[in-house]
Number of protein chains: 2
Amino acid sequence: MPGPAVSIRDVASQAGVSVGTVSNVLNRPDIVAASTRNRVLAAINDLGFVPNDAARQLRRGRGRTLGLVVLDVANPFFTDVAKGVEDATGAAGMAVIFCNSDGDPAKESRYLDLLEEQRVQGVLITPVDDANERLVRLRERGVLVILLDRRSTRPDVCSVAVDDRLGGELAIRHLAEAGHRRIAFVGGPWRLEQVRDRYHGGLHALREAGLTEEHLRRFETPSPTVAAGRDAASRILGLPRSARATAVFCANDLLALGVLQELTRQQVRVPEDIALVGYDDIDFAAAAAVPLSSVRQPRQRLGQTAALLMLDESNNPDGHRHQQVIFEPELVVRESSQFTRTPN
Amino acid sequence: MPGPAVSIRDVASQAGVSVGTVSNVLNRPDIVAASTRNRVLAAINDLGFVPNDAARQLRRGRGRTLGLVVLDVANPFFTDVAKGVEDATGAAGMAVIFCNSDGDPAKESRYLDLLEEQRVQGVLITPVDDANERLVRLRERGVLVILLDRRSTRPDVCSVAVDDRLGGELAIRHLAEAGHRRIAFVGGPWRLEQVRDRYHGGLHALREAGLTEEHLRRFETPSPTVAAGRDAASRILGLPRSARATAVFCANDLLALGVLQELTRQQVRVPEDIALVGYDDIDFAAAAAVPLSSVRQPRQRLGQTAALLMLDESNNPDGHRHQQVIFEPELVVRESSQFTRTPN
DNA sequence: TCGTCCGGCTGAAACGTGTCAAGGTTAGCC
DNA sequence: GGCTAACCTTGACACGTTTCAGCCGGACGA
């Protein structure tokens, strides 16, 4: 049943040429005479020949695939990023091995092993931890590494990120200006740099507004998911009303949607009782029970840019200049934070 | 900078054994003496050797990767399916090449080419079209094919699906029982079997309730997305009120969320003016502006089962029995359809 | 003592492709 | 007609594995 497994050699004999010529037709069609080329192409068609990428890769040293490692497949933010990556790579005829670290360093490590065995051309990754030992090693072995949604600290590594501190600032400034003085920050796990940056950006805005760290209370979550958001909301509502936050800023929209669900369930009105701001502006934010204010990131461009950077570094190793691309986030105000409060 | 590219041969000489032995340590550790094995492992560690999967694949004929082709990465339904696939394959040390056909036959075809070149072990696919010529060819060449979210018509191809006709029945029966007599069906493109099945299931329920085809008006969409849902809603609202549907059943939740957004924007109340039922019960359905009634599918199990079926067929080619697994969907009623209407 | 068996290991032959030096043909030119 | 150059094509080798027939040496039985 498994067909005859036709190889370049069969094509060669069918077309009456040498294997070298067939290979040339495949890789540098211009250097072979038109008549020969057509004969070879016909043979390829007749036999239904499909080149074996493993052999090609073995010979060439590196393959036509690249790895994409994200923190959470279920998060629309990352699927949009992935879409951007796919657009750029698909056009270049490259395959993407999609890996989901789930924020787990062990899983991330396993996937990096796998990608290394695959001899991928490069890895686009949103790392779980900070300065990743593994990534340095990967680079030393000739695997291109590009940081995604994370700013690179090394000048020899490209990165594409969004200014998370600025994003945090925008959100908290918005809330502070609306009169909020007790704000909850929901995010985690804390080892994620994005979470920390958004928090610190918020702090910065707070100080600018003449407030202090005490006005921004942290609620760390074990994961950035809807379920974790619901939990965090319960914890917030567990406080006596007088100490309870009047606004919540979430490190991403999934958390915010979770918070919103739980608040609604417990009959707390948004934004009248508690205002809410999320992060990412995923498509579902606008469709939420209360349309969600959020900090928008250029998700697809993020992925696309990262992929293009990789392709450039790959095709043009010498001319390539490493860059740290930073996009600017943008606050989108919707109903969930539209309520002005008189500071008490 | 690209390190020395250490191969199995280097390991062999460092450990003072032959390459065959190193290979054995890697693949059948039990047949090599413990002392030798340790020596080899130490050498592997010292040199930081990482096996080259391309070479292995070349020799073995097939690799340790499989392809997953879905209709839309941005649809949480498919990311959940992907998560299921990943769970099962990750445990088996396999890599998943994630492909997004976007419902476009040309893109699907390009990806199948790519997967064929990669000599993947198998392909899990939700095909765009019906009886796919390409898939048959793929199978003939020894690539395992498993249909995902689509029932197989061939006895020699495994499939894992959910009973879409039943799902359509559940939804429409629910609406008919609530008194609705003018129902709109929003879905598309029509070439997707899922869409057609859900529609026909709905028709069936309608007839059971003593109604006819005229009570279910079709609104075809160019794609199953939020934006297309908004468009469809405008079209529905374009009709004179007396002819306008009092309930809308959408072929998936993205469409339903789009419909909901547009209805809300045009001040049409859900469910009082128009009731709404979606399909898939993605996590965001419950968090929508009006919590969405929806037909739930076991998304993760779908992916997981498909992957396991593939692994089984792959590891156990003879003992394997082809199966068409069918899961049952389940109606989840939420606010968006909780309104009983007196038939006029 | 010889023969047999067996666990461990070796060495070489594939797998399907890309590359490259070298060969072959043709046309152009003096 | 011979020389050169331009253009195509060839054939062999290399890439890093796996696999397998076969070798070696020691243990065991007769």
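What's counted below: heavy atoms across the whole structure, side chains too, no hydrogens, waters or symmetry copies. So that the names make sense, note that chain A is the first sequence line, chain B the second, and so on, each numbered from 1.
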- Nearest of dT17(C), dT10(C), dA12(C) to any side-chain atom of Ser18(B)? dT10(C)
- When all nucleic acid strands are considered with a 4.0 Å heavy-atom cut-off, which category describes Val17(A): base, sugar-phosphate, or nothing? sugar-phosphate
- Taken to the nearest whole Å, CD/Glu117(B) to C1'/dC15(C) is 17 Å
- Query: To the nearest 0.5 Å, how far apart are CG in Asp129(A) and CZ in Arg134(A)?
  - Reply: 12.0 Å
- What integer distance in Å separates Arg62(B):CZ from dT17(D):C1'? 17 Å
- Item | Angle by which the axis turns from one end of the helix from dT1(C)-dA30(D) to dC30(C)-dG1(D) to the other, five pairs per end, to 10 degrees | 50°
- Find the distance Arg56(B):CZ to dG16(C):P and express it as a whole number of Å. 18 Å
Nucleotide N/O of nucleotides 20-23 of chain C paired with protein N/O under 3.5 Å:
none

- Task: Could you tell me whether Ser23(B) contacts a base, only the sugar-phosphate backbone, or nothing, with contacts defined as non-hydrogen atoms closer than 4.0 Å?
- Result: base
- Quickly work out the Arg39(A) CZ to dC8(D) P distance and round it to whole Å. 14 Å
- Message: Can you measure Arg9(B) atom CZ to dT10(C) atom P for me and round it to whole angstrom units?
- Response: 15 Å
- Verify the distance criterion only: is there a donor paired with an acceptor across the side chains of His322(B) and Asp156(B) at less than 3.5 Å? no
- Can you check whether any acceptor in the base of dT17(D) is under 3.5 Å from a donor in the side chain of Arg59(B), or vice versa? no
- Rounded distance (nearest 0.5 Å) linking atom CZ of Arg119(B) with atom CZ of Arg62(B): 6.5 Å
- Spacing of Asp10(B) atom CG and Phe49(B) atom CZ [to the nearest 0.5 Å]: 9.0 Å
- Query: For Asp30(B) and dG8(C), what is the distance between atoms CG and P respectively, to the nearest whole Å?
  - Reply: 10 Å
- Query: Given Gln121(A) and Arg64(A), is the side-chain hydrogen bond (donor to acceptor under 3.5 Å, both in side chains) satisfied, shown in steps?
  - Reply: CA-CA 7 Å; Gln121(A) 235 174 58; Arg64(A) 303 186 306 128; over 6 Å; no
- Query: CZ of Arg60(B) versus C1' of dA14(C): gap in Å, rounded?
  - Reply: 15 Å
- Toward the 5' end of DNA chain D, which comes first, Arg37(A) or Asn52(B), by nearest nucleotide? Arg37(A)
- Query: CZ of Arg301(B): more than 12 outside heavy atoms within 6.0 angstrom?
  - Reply: no
- Rounded to the nearest 0.5 Å, the OG1 atom of Thr21(B) sits from the CG atom of Leu26(B) at a distance of 11.5 Å
- Query: Picking from Leu112(B), Leu148(B), Asp149(B), what satisfies side-chain contact (heavy atoms from CB on, under 4.5 Å) with Ile125(B)?
  - Reply: Leu112(B)
- Query: Which value, rounded to the nearest 0.5 Å, describes the distance between Leu115(A) atom CG and Thr65(A) atom OG1?
  - Reply: 8.0 Å
- The side chain of Ala55(B) lies closest to which of these nucleotides: dT17(C), dT17(D), dG18(C)? dT17(D)
- Message: Go nucleotide by nucleotide along DNA chain C from the 5' end; which of Leu58(B) and Thr21(B) gets its closest nucleotide reached first?
- Response: Thr21(B)
- Keeping the roles fixed (side chain from Arg139(A), backbone from Val157(A)), state whether a donor-acceptor pair exists under 3.5 Å. no
- Query: Roughly, in whole Å, what's the span from CD in Gln57(B) to C1' in dT18(D)?
  - Reply: 13 Å
- Message: Over all strands shown, is Asp53(A) touching base, sugar-phosphate only, or nothing at heavy-atom distances under 4.0 angstrom?
- Response: nothing
